Amino acid sequence: MPEQDKDKDKDKEKDKDKKKPVRWLNPASGYLTGYAYTLNPYVGCTFGCSYCYVRRMPIALFKASPWGEWVEPKRFEADSFRREWRRAIAKGGVTVFMSSATDPYQPAEHQEKLTRRLLEVMAEEPPQFLLLQTRSPLVLRDIDVLSRLGERVRVSMTVETDLETVRKALTPFAPPLAGRLRAIRELRQAGIQVQAAVSPLLPCSEAFPELIASSVERVVVDDFFRGDGSGGKRSAQLKMADRYRELGEEARYTPETADAFVQALKAVMPSESVYFGQEGFLP
Ligand code: SF4
């Protein structure tokens with residue numbers, strides 16, 4: 001049996017006990033209005049960021065285990081997704097945000113290759129636009145497929161701070177910052193469109209704007225007050241002000257901190273490359 005067919009059989013075996021989604025492409029809404037669809041390959045996310053707004057959504061609130069401690073890969077069937085994808089493409093205007101409630105390159109993706117398998121089908125008939133939102137260097141594994149999507153894909157790599165101490169305090173299970181910056185470099189070298197998502201901005205050093213300017217041609221900044229999809233309510237429920245206080249950073253827990261950061265970025269890179277909030281995530 002050819003190697004490719006053996007891989008397909010292994011994938012089928014791996015997926016047989018998983019739940020098949022009713023549909024992969026879900027109509028986008030709220031903060032992601034501007035996209036036609038969102039696509040979440042997984043339910044749950046083991047990066048478990050302390051500020052993740054999904055923690056306040058029913059999917060996390062009604063689960064027995066805490067957010068960050070579980071992940072459920074969806075059951076992928078290439079033919080079924082291909083049919084759904086082609087139907088959407090035939091209608092036109094396919095813009096996809098991947099992903100709104102999980103990270104498509106979280107640790108489970110090493111084994112599952114679910115994101116990769118979805119991308120492979122998308123590459124057969126590319127969408128109008130696909131945004132891949134991640135904080136994982138694992139995205140580098142899929143440079144070959146991303147290249148096939150060409151100008152139609154942008155990787156948005158979260159880099160919320162340049163301080164590992166802050167990253168370890170607030171998102172200890174997310175990939176180290178150096179790996180994310182390396183991923184940005186390698187994606188750009190491969191000709192893949194990429195932006196840095198300083199979202200949400202966390203306490204950082206004075207050198208952070210320069211680091212961003214030297215790493216990317218496009219950046220989007222967001223904060224806990226305007227970027228949590230609820231005008232700051234979810235961030236308050238997640239007690240982010242207390243987390244800042246524990247770090248001795250309470251003075252920075254203000255919307256003005258992000259405004260000043262945007263100005264600092266505009267001083268070191270073209271202002272049209274610096275976005276704030278929702279507009280920076282749009283197609
Ligand atoms: S990576 Fe994204 S989805 Fe996952 S826990 Fe962090 S913020 Fe939430």
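Since the structure is predicted, the reported quantities are computational estimates derived from the model, not experimental observations. Side chains included, hydrogens not; waters and symmetry mates left out as well; all remaining heavy atoms used. Note that ligands are numbered from 1 as they come in the structure, with each ligand's atoms numbered from 1 the same way.
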Can you check whether [Y]'s main-chain N or O pairs, donor with acceptor, with [X]'s side chain at less than 3.5 Å?
X: Asp162; Y: Leu211; answer: no
X: Arg252; Y: Cys204; answer: yes
X: Arg180; Y: Pro175; answer: yes

Is Thr102 near ligand 1, meaning one of its heavy atoms is under 4.0 Å from it?
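Thr102: in contact with ligand 1 (<4.0 Å).
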Tyr53 near ligand 1 by a heavy-atom separation under 4.0 Å:
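No, that is not the case, since the closest heavy atom of the residue is not under 4.0 Å from the ligand.
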Distance to 0.1 Å, residue and atom name: give those for the protein heavy atom nearest to atom 2 (Fe) of ligand 1.
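Answer, as residue, atom name and distance: Arg135 NH2, 3.8 Å.
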Quick test: of every protein heavy atom, which one is nearest to atom 4 (Fe) of ligand 1, and how far off is it to 0.1 Å?
Cys45 SG, 2.3 Å
Which of the ligand 1 atoms, numbered from 1, are nearer than 4.0 Å to a heavy atom of [X]:
X: Gly48; value: 5 (S)
X: Phe47; value: 1 (S)
X: Cys49; value: 1 (S), 5 (S), 6 (Fe), 7 (S)
X: Trp67; value: 5 (S)

So that I know where these two stand, are Tyr253 and Phe225 an aromatic pair - ring centroids less than 6.0 Å apart?
yes
Under 6.0 Å between ring centres: does that hold for Phe281 and Tyr35?
no
Metal check, atom 8 (Fe) of ligand 1 vs Cys52 N/O/S, cut-off below 2.8 Å:
yes
Does atom CD of Glu217 have more than 12 heavy-atom neighbours from other groups under 6.0 Å away?
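Counting other residues, nucleotides and ligands, CD of Glu217 stays at 12 neighbours or fewer.
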Evaluate the ring planes of Trp67 and Trp70, with Trp represented by its six-membered ring, and classify them as parallel (under 30°), tilted (30 to 60°) or perpendicular (over 60°).
perpendicular
